[in-house]
Amino acid sequence: MSSLSWPLRDGRWRRVFPVARQSSLYQPTVLNPFIYQVRLGFTDKLRIVLASITLLPLRVVCIFVLAIFAWPCSLFGRLCHYTYGNREPFPSWNRRVSQVMLKVLGRAFFFCVGFIQIKVKGKRAEATEAPILVVAPHSTFFDAIVNIVADIPSIVSRAENADVPLLGPFLHSVQPILVSRNDTDSRKHTIEEITKRATSKGKWPQLMIFPEGTCTNRACLITFKSGAFIPGVPVQPVLIRYPNRLDTITWTWQGHAASMLTYLTLCQPYTNVEVEFLPVYVPNAEERSDPFLYANRVRGTMAMELDVPMTDHTFEDCRLMISAGELTLPMEAGLVEFTKISRKLNLKWDNVRKQLDCFATIAGKSKGGRIGIEEFADHLKLPISPPLREVFALFDRNGDGTIDFREYVIGLVILCSPANTEETVRFAFQMFDIDEDGYITEDEFSSLLRSAFSLHDLDVSQLFKTIDLNGHGKISYETFREFAMTHPEYAKLFTTYLDLQRYKAWQSITDDDVDLEKPHKVAPSICEDSCENSDKKED
């Protein structure tokens, strides 16, 4: 929001800086749910060394022997897949054989890994009562243990998992819904398949879904994907906890590799896990018609039971994290709570990704992937001045003296774009075009900026050349407008400068000379209009 001048009762004018923010766009309680590092003390390291030469070899041998016995059983799953595929549900006897086989092998495998006991709370509902089980938080590949206590339901899984040796045939034996993130039509087909099975009235087996869609550190519940809630049928929330002193199972985007976590887990004497089945959640009419509302309320119920906050991070944030790392920024720089940003600001992932490129150019490796006042001024090719400091402060939503990527995206959309109107651009051009010949020369450009910043030796040749791409030595309105529309931060800087000038003008007027009916020369009506347009834009 821009600053404004307000009249007092004694006729004087006071400058105010409205910086109200909608709480919905504040930073989340958990800034980065995709990071986790195992912290090992001296005693932990000593135990792991001892387990590496005693417990670990024994468990590896047991898993190897189990795999040998499991291999012939996997042929049954492959045969079922070739016979029935996913076109129709398996016959009841076929399904029951698969369930018993997978429960025995699965329980034996997790016992060998160290999950000696699985603590279960609540009772699983039948498929006719709750066709879909929604499980959260999703934090590790060991979450597959829920399948065992849930009586081997069908699952939604990555298509790549079906090609994994030994795992693939077993996966096919539960008739999974396979999702490919590289296929643009995969989401549509997945939703159609989920809806078909959820509304089959028990003909298809119960479906288990991890609605978060990616792994987190369990510090919060991130956005639930709407796929499980689109059919509008009752769902049963399922909570999974790992109450261990040393957490060796959390697998996040920023953290240890799966192989390291597996090694550390195998070196633990045992690993605790708790699975809790909550009461079936039956949606009302409003929730059935709005899958996002339905998903959010189920998430709220689960977050309350887990006693953790909710954030609007999603898998798209992970993609931005990877992109940030490729641009030599800290990976966490790409976190923006994409779900919230995309809905409130009407932004697509590709648009945010382009803004990340621009942000990386400005921030570089300085200040931990953040923009300071110096980088901000250097990007605009202007000196640090009161108008620039004020615009910087508007971007800096938390007031820490830097602009992170989330603040940068919000600032461009909320602050700069509304101010960047055709009327503002035309008025700015007229101010620079001193001789009114329809072109801005470098002398005219320099003269106004030197006066504005009170710096007689200010060099703006670099900024002028950036605008004058054709090198004509003068800027037409079309060229000026094209540059302004692709660099909206200049519009906000310009309207802020005009507002400062207006404030200074009012301050210079004494009580006897105040004339509220006449607009001041330095602050014509264009400023009022443009400022109102940007200031009334709610964040």
Side-chain angles (χ1 to χ4, degrees), residues 1-5 358 376-392 394-395 411-505 518-537:
M1 292 182 180
S2 175
S3 59
L4 298 173
S5 299
C358 183
F376 194 67
D378 184 64
H379 166 63
L380 296 176
K381 299 179 178 63
L382 292 171
I384 299 175
S385 61
L388 189 139
R389 287 185 183 278
E390 185 171 332
V391 173
F392 181 85
L394 292 171
F395 272 84
L412 286 181
V413 176
I414 289 180
L415 299 173
C416 298
S417 296
N420 202 26
T421 63
E422 184 78 31
E423 193 175 9
T424 302
V425 173
R426 184 172 295 279
F427 179 68
F429 182 83
Q430 292 172 354
M431 286 192 66
F432 280 106
D433 185 15
I434 298 174
D435 60 7
E436 300 180 358
D437 65 346
Y439 293 94
I440 301 173
T441 63
E442 186 170 350
D443 289 339
E444 290 174 325
F445 192 71
S446 302
S447 176
L448 181 61
L449 290 180
R450 286 170 182 167
S451 174
F453 294 111
S454 300
L455 295 173
H456 298 292
D457 58 347
L458 177 63
D459 183 10
V460 294
S461 58
Q462 187 178 2
L463 178 56
F464 184 85
K465 291 177 181 177
T466 302
I467 304 175
D468 183 24
L469 292 176
N470 297 323
H472 293 157
K474 57 183 181 180
I475 303 171
S476 65
Y477 175 72
E478 289 73 19
T479 302
F480 186 83
R481 180 184 179 279
E482 183 178 353
F483 178 83
M485 290 302 173
T486 54
H487 298 78
E489 54 267 44
Y490 283 99
K492 188 61 183 177
L493 184 63
F494 177 69
T495 56
T496 302
Y497 163 73
L498 292 179
D499 191 54
L500 279 168
Q501 292 297 97
R502 179 174 61 170
Y503 168 71
K504 291 177 181 178
K518 293 183 179 180
H520 196 275
K521 177 181 178 181
V522 185
S525 59
I526 179 68
C527 175
E528 297 176 6
D529 294 339
S530 60
C531 286
E532 285 182 6
N533 288 337
S534 64
D535 293 336
K536 290 181 180 178
K537 177 78 173 180

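Just so you know, these numbers come straight off a predicted model, no measurement behind them. Here, residue 1 is the first one in the sequence, and each next residue gets the next number.
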>> Please enumerate all residues that pass ring-ring contact (aromatic ring centres under 6.0 Å, His included) together with Phe392, with sequence neighbours excluded.
In response: Phe376
> Going by heavy atoms in the side chains, are Phe464 and Ile475 under 4.5 Å from each other?
Replying inline: yes
>> Show the nearest heavy-atom pair for residues Ile434 and Glu444, with the distance to one decimal.
In response: N-OE2, 3.4 Å
> Nearest heavy-atom pair of Ala377 and Pro383: which atoms, and what distance?
Replying inline: CB-C, 4.4 Å
> How far does NZ of Lys465 sit from CD of Glu442, to the nearest 0.5 angstrom?
Replying inline: 7.0 Å
> What do you reckon, is OH of Tyr477 surrounded by more than 12 foreign heavy atoms closer than 6.0 Å?
Replying inline: yes
